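Worksheet: one structure, shown below.
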Amino acid sequence: MLNSQVLVKVPASTANLGPGFDTLGMALSLYAWIEMEAADGETAIELYGDGLEGIPTDKTNLIYKVAQLVFEEAGVQIPELRIAMYSDIPLTRGLGSSASAIVGALVAANALAGSPLSEDKLFQMASALEGHPDNVGASLFGGIVVSAWDGVRAEKVRIAPHRNLEVLVAIPSFQLSTEKARHALPSKLEMKDAVYNVASSSLLVAAFASGQLELIPFAMRDKLHQPYRAPLVPGMSEILEQATSRGALGAALSGAGPTLLTLVDRGSSRKAELEAFLLQTLEKHGIQARTMWLSPALNGPELSIVGRGHSGSFMERVKGEVKA
Ligand code: HSE
């Protein structure tokens, strides 16, 4: 049965977590909301939130296009849509905003069509759309997601994050496209660097899975992508080198950057010191940034069936949950 109007709340994500390039992801307590219904007239797309000004509101919009892929796969026709989105996730900063939009669009469109596609099918579609499963896996399943995609099929294991794990991000005011950050990577690696990353990533996953947070400082190190991306984010090398001596369990470039992410023990007495270190280091290198304390998001998308004849506006529905 087709639903008439659906609202999906979907978490942001951080990818890589240092060594797990294109394979590790963690959902974060920062959200986007997407509402979708069949339009009576022509397609209309409303976007709310900072920095969304340049995003198309016609049928070239990513959410619209992804929704149509779902309808095509499901064999239903809903060519005209009313879509509303509000997002707290900063764009092009390495916090998975596009993955959240893709996952939100897949889940919303599937619900609108009466949920004909399985969660696994949505994961396969999301991985193919992004070209890697790390961000979309985290946004879709919540928690820490270890995933592998061979270009045809994605598989994943979800790990429940340790309850003491807290996240501090420093979000620079400038944007960095994933495309640019991927172009900075070399086409070949030294065998010793590849081995270093296999070891670090494997140990990091085992540390998360077994709750051995004390291994994070040793495991959350990378020689595959971060050294090559460091010139794109002034201050990054210093932060990655020194964060563990300033109160972090580990530090990484969040996804393709420019956001820097640190994992912190929730009970740490050094949170203020770490936060000041991140901001001062970036400032020293001429980078303005803001920090945010986040937690791992334990769940993937939350779906509500709004139904026609509801009262109130879209923003009133998301209000109350939306961070100031
Ligand atoms: N794993 C990806 C990267 C995440 O680091 O390029 C960003 O989309």
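Note that the coordinates shown come from a computational prediction; the quantities given were computed from them, not determined experimentally. Whatever order the structure lists them in is the order used to number ligands and atoms, beginning at 1.
The backbone and the side chain of Asp22 each have at least one atom closer than 4.0 Å to an atom of ligand 1 (non-hydrogen atoms only). Neither the backbone nor the side chain of Gln226 has a heavy atom within less than 4.0 Å of ligand 1. Contacts with ligand 1 closer than 4.0 Å are made by no heavy atom of Glu130, backbone or side chain.
Taking a cut-off of under 4.0 Å to the non-hydrogen atoms of Phe21, the atoms of ligand 1 that pass are 3 (C), 5 (O), 6 (O). Close contacts of ligand 1 with Asp134, meaning ligand atoms under 4.0 Å from a residue heavy atom, involve 1 (N), 2 (C), 4 (C). Listed by atom number, the atoms of ligand 1 under 4.0 Å from Gly255 heavy atoms are 5 (O). Close contacts of ligand 1 with Asn16, meaning ligand atoms under 4.0 Å from a residue heavy atom, involve 1 (N), 3 (C), 5 (O). Atom numbering of ligand 1 starts at 1 in the shown order; those under 4.0 Å from a heavy atom of Thr178 are 7 (C), 8 (O). Each of the following atoms of ligand 1 lies closer than 4.0 Å to a heavy atom of Ala256: 5 (O), 6 (O), 7 (C). Less than 4.0 angstrom separates some heavy atom of Asn135 from each of these atoms of ligand 1: 4 (C), 7 (C), 8 (O). The contact set between ligand 1 and Arg229, taken as ligand atoms under 4.0 Å from a residue heavy atom, comprises 3 (C), 5 (O), 6 (O).
The closest protein non-hydrogen atom to atom 3 (C) of ligand 1 is Arg182 NH1, 3.2 Å. At the shortest separation from atom 8 (O) of ligand 1 among protein heavy atoms lies His132 CE1, 3.0 Å.
Checking Asp222 against Asn197 by side-chain atom types alone, a donor-acceptor pair falls below 3.5 Å. A donor and an acceptor atom, one from each side chain of Thr60 and Asp58, are located under 3.5 Å apart.
To the nearest 0.5 Å, atoms NE2 (His225) and CG (Asp193) are separated by 12.5 Å. The distance from atom CG of Leu140 to atom CE of Met125, rounded to the nearest 0.5 Å, is 11.5 Å.
When hydrophobic side chains of Ile, Leu, Val, Met, Phe, Trp and Tyr are connected at separations under 4.5 Å, Val152 ends up as a singleton with no cluster partners.
The shortest heavy-atom distance from Glu179 to ligand 1 is not under 4.0 Å.
Under a 4.0 Å N-O distance rule, the pair Arg153/Glu155 qualifies as a salt bridge. Using a cutoff of 4.0 Å between basic side-chain nitrogens and carboxylate oxygens, Arg270 and Glu273 are scored as salt-bridged. Salt-bridge formation is detected for the pair Glu80/Lys59: a Lys NZ or Arg NE/NH1/NH2 atom is positioned less than 4.0 Å from an Asp or Glu carboxylate oxygen.
Looking only at side-chain heavy atoms (C-beta outward), Val157 and Val145 stay at 4.5 Å or farther from each other.
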